[in-house]
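First listed ligand is number 1; within each ligand, the first listed atom is number 1. Values reported hereafter were calculated over all heavy atoms of this structure, with side chains retained and with hydrogens, waters and symmetry mates removed. Numbers here simply count residues along the sequence, with the first being 1.
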Amino acid sequence: MGPAGAVRTRRDELAANLRRVRERIAAACAAADRDPAEITLVAVTKTFPASDVRLLAELGVTDVGENRDQEAAGKAAECGDLPLTWHFVGQLQTNKARSVARYADVVHSVDRARLVTALSSAATRAGRSLRCLVQVSLDDRPGRGGAAPDEAPALADAIAASEGLELAGVMAVAPLGADPAPAFARLADVAERLRAAHPSATVISAGMSGDLEQAIACGATHVRIGTALLGGRGAIVR
Ligand SMILES: *Cc1c(COP(=O)(O)O)cnc(C)c1O
């Protein structure tokens, strides 16, 4: 042990990061004249161990996000004693639907009709109810997931009509290398159209470490924060 205060534990580091992220959320809410209580912080813990999830839960985090089924399933099992809400935020293959339906509470990445069908039968089979978000693509480049904005209403209707699924809202990732603000504004338009048909679909999942301020300015209710909370993920690009 060094002098008092010299030992900086992982818990201290996560606590400091969490404080900074909460300050950023508070400042963004103040600028947008919104109540910070409207914003759910989802800690995206991908690539980090279950011990970090446990520390974050001790520090008051209630919502955790993961983007790969295998990693998420293991961590959710290890943290089964914690009162956490688990969010699946990654691209999802239909053959992983059964596994995801066992531990996820919210699936952010519903972007095609076949996935709706797969999640519905998986949730029904597991005796669970899954909150689903329609992932909307905000760029014209395919491959990063997401339905085109004009496909979103039909997907939303399909989710709302499916046993075991509950339509909760929309999700998007800002386009790479472009100003996120106009993209998030387009997402807000899609969300508004969806709410006209489905008033309870109020979730707007948008904003990550680099753009949470712009997302909150455009109405985000859920921000998905990895790097700013947990640190860099090294050379692993995902
Ligand atoms: C990794 C990831 C995040 C978190 O990104 P950071 O920039 O590390 O905050 C958010 N959303 C999705 C879909 C992700 O895959």
Side-chain angles (χ1 to χ4, degrees), residues 13-14 16-25 27-28 39-50 52-53 56 59 61-73 75-76 84-93 96 100 104-112 115 119 130-139 141-147 152 168-181 183-184 187 190-191 203-216 218-238:
E13 190 180 350
L14 291 175
N17 290 348
L18 181 59
R19 204 175 313 119
R20 270 193 297 271
V21 168
R22 291 220 188 275
E23 282 165 9
R24 283 176 63 189
I25 292 171
I39 313 293
T40 300
L41 169 62
V42 179
V44 179
T45 49
K46 62 188 183 194
T47 77
F48 291 95
D52 279 353
V53 175
L56 287 168
L59 293 166
V61 166
T62 55
D63 291 72
V64 170
E66 287 282 336
N67 74 335
R68 297 208 168 187
D69 170 57
Q70 208 180 343
E71 183 183 346
K75 265 183 247 182
L84 290 167
T85 298
W86 288 83
H87 299 252
F88 191 85
V89 303
Q91 286 187 41
L92 182 53
Q93 294 168 274
K96 298 282 165 57
V100 167
D105 300 292
V106 190
V107 178
H108 289 227
S109 45
V110 182
D111 62 359
R112 58 202 190 280
L115 186 54
L119 284 170
L130 289 180
R131 273 172 276 157
C132 292
L133 306 183
V134 176
Q135 184 178 350
V136 178
S137 172
L138 298 176
D139 54 21
R141 275 171 286 188
R144 296 178 74 219
V170 297
M171 176 273 212
V173 178
L176 283 170
D179 182 0
F184 290 147
L187 180 66
V190 175
V203 171
I204 301 180
S205 168
M208 317 201 311
S209 294
D211 55 23
L212 73 86
E213 286 82 4
Q214 291 93 331
I216 287 173
C218 292
T221 63
H222 288 59
V223 293
R224 309 178 308 269
I225 308 299
T227 313
L229 270 181
L230 291 126
R233 292 181 292 270
I236 305 163
V237 178
R238 46 173 161 168

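- Side chain of T227 to main chain of G232: no donor-acceptor pair is present (N/O by atom type, distance under 3.5 Å, no hydrogens or angles).
- Close approach to T227 involves these atoms of ligand 1, each under 4.0 Å from a residue heavy atom: 6 (P), 7 (O), 8 (O), 9 (O).
- Residue nearest to atom 4 (C) of ligand 1, selected from H108, E66, R224: R224 (by heavy-atom distance).
- For ligand 1, the polar-atom distance check against I225 finds no nitrogen or oxygen pair separated by under 3.5 Å.
- Closest heavy-atom approach to atom 3 (C) of ligand 1 among the candidates M208, R68, Q135: M208.
- A distance-only check finds no donor-acceptor pair linking the side chain of R20 to the backbone of A228 [under 3.5 Å].
- In this structure, E71 contributes its side chain and T47 its backbone to a donor-acceptor pair below 3.5 Å.
- The only member of V53, V100, D63 that meets side-chain contact (heavy atoms from CB on, under 4.5 Å) when paired with W86 is V53.
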